[in-house]
Amino acid sequence: MTTCTAARPRERQPLTRERVLDTALRLADQGGLEALSMRKLGQALGVEAMALYYHFANKERVLDGIVDLVFGEIDVPAIGGDWKAAMRRRAISVRDALARHRWAIGLMESRTNPGPANLRHHDAVIGCLRAAGFDMAMAAHAYSALDAYIYGFALTKMNLPFESTTDIAEMAETMLEPFPLGEYPNLADFISEHAMKPGYDFGDEFEYGLDVILDGLDRAQNSV
């Protein structure tokens, strides 16, 4: 004689702030900010949207939270030591984080209710520069120049209409075809002599430009 044991109902995971943010980050990474609403977030978590308001007053607070998660992935520059090396590592880390979370580029510096990772990051960058001898005005100049370059490069990279040298060749043919041969000789030479070389990757330009900026800041600081 056999007995049947009823299957126990699966335990529901508690709805925590961390679980909500992890799910929100995943939705944004997969589908951009248009994929992230309180209703869609509730569906992904298996709860009614109203349940989310226990942890977050509105969607903006969710955005504050996931932006803070992105800041938490970025290397925080150490205070003391080689400031150029620290700023270089930090810049590359920001670029890589923005590549992983493409939706974040327009939100990173927009939060009026920043989280602890966001504040810690900004404080550390300023602290690293000040420890290297930058006065507050020069630290502000350096921070502005670096972030303008990092965010601008990342935005350009993610909006380029090509991924490979094959894509560049096809795009160049389409782009220049309507115009007389030789109308734009410098652009044509750039494409054929540089951009279409095997292994070309626009992203490789990032570190060259970054080093130019860091060297310039170093010279400006030493001349003060």
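- Under the 4.5 Å side-chain heavy-atom criterion for grouping Ile, Leu, Val, Met, Phe, Trp and Tyr, Met87 is connected to Ile150 within one hydrophobic cluster.
- Between the OH atom of Tyr149 and the CG atom of Leu214 there is a distance of 10.0 Å, given to the nearest 0.5 Å.
- Glu60 has its side chain out of reach of Asn113: every pair of non-hydrogen atoms, C-beta onward, lies at least 4.5 Å apart.
- In this structure, a donor-acceptor pair under 3.5 Å is present between the side chains of His122 and Glu109.
- Of all the heavy atoms in Pro77 and Ala86, the pair that sits closest is CB-CB, 4.0 Å.
- In summary, the side chains of Arg61 and His55 do not present any donor paired with an acceptor at a separation below 3.5 Å, with no hydrogens or angles considered.
- Applying side chain to side chain contact (heavy atoms under 4.5 Å, CB included) to Leu52 and the options Arg17, Arg39, Met38 leaves one that passes, Met38.
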Salt bridge (Lys or Arg N to Asp or Glu O under 4.0 Å) assessment of Lys84 paired with Asp211: CA-CA 9 Å; Lys84 285 175 67 177; Asp211 288 336; over 6 Å; no
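- Taking a cutoff of 4.0 Å between a charged side-chain nitrogen and a carboxylate oxygen, Asp123 and Arg130 do not qualify as a salt bridge.
- Between the Ser144 side chain and the Ala140 main chain, no donor and acceptor come within less than 3.5 Å of each other.
- Taking the six-membered ring where the residue is Trp, Trp83 and Phe134 present perpendicular rings, their angle passing 60° and hence far from 30°.
- Using a 30° and 60° split on the angle between ring planes, Tyr200 and Phe190 fall in the perpendicular class, above 60°.
- Linking ILVMFWY side-chain heavy atoms closer than 4.5 Å, directly or via other members, places Phe153 and Leu155 in a single hydrophobic cluster.
- Distance check: Asp135 CG to Gln221 CD gives 7.0 Å after rounding to the nearest 0.5 Å.
- Side-chain contact check for Asp68 versus Pro116: some heavy-atom pair is nearer than 4.5 Å.
- Distance CD/Gln43 to OG/Ser37: 7.5 Å, rounded to 0.5 Å.
- The line from CG of Leu25 to CD of Gln30 is 10.0 Å long, rounded to the nearest 0.5 Å.
- Side chains of Leu69 and His101 form no contact here, defined as non-hydrogen atoms less than 4.5 Å apart.
- One N or O on the side chain of Ser223 and one on the backbone of Ala220 form a donor-acceptor pair closer than 3.5 Å.
- The one candidate from Asp96, Asp75, Asp147 that meets the salt bridge (Lys or Arg N to Asp or Glu O under 4.0 Å) condition with Arg90 is Asp147.
- The residues Arg100 and Asp29 are annotated as not salt-bridged, no charged nitrogen and carboxylate oxygen being separated by less than 4.0 angstrom.
- Judged by distance alone, the side chain of Arg102 and the main-chain N or O of Met158 form a donor-acceptor pair under 3.5 Å.
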Trace of the side-chain contact (heavy atoms from CB on, under 4.5 Å) decision for Tyr143 with Leu217: CA-CA 10 Å; Tyr143 205 160; Leu217 291 172; over 6 Å; no
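- Residues Thr174 and Met171 fail the side-chain proximity criterion, which asks for heavy atoms closer than 4.5 Å.
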side-chain contact (heavy atoms from CB on, under 4.5 Å) evaluation trace for Trp103 with Val67: CA-CA 10 Å; Trp103 55 269; Val67 165; 4.2 Å; yes
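- Other residues, nucleotides and ligands place no more than 12 heavy atoms under 6.0 Å from the CD atom of Glu48.
- Hydrophobic clustering, with ILVMFWY side chains joined whenever heavy atoms are under 4.5 angstrom apart, keeps Leu119 apart from Leu63.
- Residue Ile92 is not grouped with residue Tyr208 when hydrophobic side chains (ILVMFWY) are merged at heavy-atom distances under 4.5 angstrom, including chains of intermediate members.
- With rounding to the nearest 0.5 angstrom, the CZ atom of Phe206 is 5.0 Å from the CG atom of Leu210.
- At least one donor-acceptor pair closer than 3.5 Å links the side chain of Thr156 to the backbone N or O of Gly152.
- Between Asp64 and Arg111 there is a salt bridge, with a side-chain nitrogen of the basic residue lying less than 4.0 Å from a carboxylate oxygen of the acidic one.
- Surrounding CZ of Phe202 are more than 12 heavy atoms belonging to other residues, nucleotides or ligands, all under 6.0 Å away.
- With hydrophobic clusters built from ILVMFWY side chains whose heavy atoms lie under 4.5 angstrom apart, Leu36 shares a cluster with Ile105.
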Pair Met175-Leu187, side-chain contact (heavy atoms from CB on, under 4.5 Å): steps then yes or no: CA-CA 11 Å; Met175 183 172 61; Leu187 179 59; 4.3 Å; yes
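- The distance from atom CG of Leu21 to atom CZ of Arg26, rounded to the nearest 0.5 Å, is 13.0 Å.
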